[in-house]
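Numbering of residues begins at 1 and proceeds along the displayed sequence. Every value quoted in this text rests on a predicted model; they were computed, and no experiment measured them.
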Amino acid sequence: MSSDSISITRPDDWHIHLRDATALQTTVPHTARVFGRAIVMPNLNPPVISVAEALRYRDRILLAVPEGSAFKPLMTLYLTDTLLVQEITKIKNEESVLAVKYYPAGATTNSDNGVTNIENVYPAIAKMEELGIPLLIHGEVTDTEIDIFDRERVFIESILEPLLCKYPALKIVFEHITTQDAVEFVKSQSDNVAATITIHHLLYNRNDLLAGGVRPHFYCLPILKRSIHQQALISAALSGSPKFFLGTDSAPHSRSNKETDCGCAGIYSAPAAIELYTEFFDNHGALDKLEAFASFYGADFYQLPRNKDKVSLIKSTWTMPENFMLDDSVVVPIREGQTIAWQINKD
């Protein structure tokens, strides 16, 4: 490995939003160009609440996979107050459906069908613990009296810690963590608790969102936090701990929906995800830590085989396009119109 090139086992994205219908023609190729697998979020409208629906959604995704790509979407069910325990049982026998996603009702995009009270889903969670099915958690409370910058910390204290006391063997992925509190919580738990870290929470903090004017394309949920929390995430990603691994939370929204007084939450990073993670690790002198974070730890946690083939990147600048088509509009990607230091080596 040299300072201007790197070859790693093909990475996986353990948290992605692909949307549906014609949007898949943009989102799926952007993810499939480099990632071997991706865990696809179920917050469609209506939500994906059965194995049969998840498999139909998977079929639509596969139709958009470019020819020659071996990309495999891994599906999830949306945890609602009324999700049938029988659907949890079906997951165990369907290798393409991997986990269940927990959204607190109203926490983020298309989360209105989420959990209103954790006790309502105890039967489903008990079955998940029994069968070893991971629960993927959007960890924020939605009480409007709680400061938006404190909602992850309060969720840990009021929901997550009691949940693990009741179901200590439950496999949990604390998704897109954003705070020092979350890092310390994950580190303190047993091996059945892990976390994904997005590239945008590693690269940016709330100054990027708010200083000098509100920038809607930096608005995401959980929201960007202050620098001290960003530094905790950076330390976790660089630590070499298998508890922390790659999950982009790439979430496309049309420009018109982002640039409004009630703009949608989400950052679209798929067109440059692995390149930006590589840039991040390189900037911190830790290219040797990239492969495990991007390609090993997630697969190991989900007890899936690591990918066999390799991806090569070279240190050569390129410019991110200012937008991409999304349905009948456009989506503005991360780092639009700016240079990125690394790119996929196509030779």
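Taking the six-membered ring where tryptophan is involved, the planes of Y277 and F293 are tilted, since the angle between them lies from 30° to 60°.
Residues F35 and F71 place their aromatic rings such that the two centres sit no closer than 6.0 Å. Between F324 and H30, a ring centre-to-centre spacing shorter than 6.0 Å is recorded. W14 has its ring centre less than 6.0 Å from the ring centre of Y302.
Between L233 and V183, the shortest heavy-atom contact is CD2-CG2, 3.8 Å. The two residues S250 and A270 come nearest to each other via the heavy atoms OG-N, 3.1 Å.
Tracing side-chain contacts under 4.5 Å through hydrophobic residues (I, L, V, M, F, W, Y), one reaches L18 starting from L55; they form part of the same cluster.
The only member of K315, R33, R335 that meets salt bridge (charged side-chain N to carboxylate O under 4.0 Å, His left out) when paired with E275 is R33.
Taking the side chain as every heavy atom from C-beta outward, P252 and T27 approach each other to under 4.5 Å. Looking only at side-chain heavy atoms (C-beta outward), D249 and H17 come within less than 4.5 Å of each other.
Listed for the K258 side chain is a donor-acceptor partner under 3.5 Å among the backbone atoms of C264.
The side-chain tip of K171 points at the ring of F301 from less than 6.0 angstrom away and within 45° of straight on. Judged by a 6.0 Å distance limit and a 45° cone about the ring axis, K166 is positioned over the six-membered ring of Y122.
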Q) What do the steps show when you test F149 against R206 for side-chain contact (heavy atoms from CB on, under 4.5 Å), and what is the final call? A) CA-CA 10 Å; F149 293 102; R206 66 187 188 181; 3.7 Å; yes

**Q.** Verdict with reasoning, R215 to E259, per salt bridge (charged side-chain N to carboxylate O under 4.0 Å, His left out)
**A.** CA-CA 9 Å; R215 297 173 177 85; E259 297 177 2; over 6 Å; no

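One finds the CG atom of N345 at 4.5 Å from the CD1 atom of I314 (value rounded to the nearest 0.5 Å).
Partners of A195 by side chain to side chain contact (heavy atoms under 4.5 Å, CB included), not counting sequence neighbours, listed by chain and number: F174, I177, V186, F244.
In I228, the CD1 atom is not crowded: 12 or fewer heavy atoms of neighbouring residues, nucleotides or ligands sit closer than 6.0 Å.
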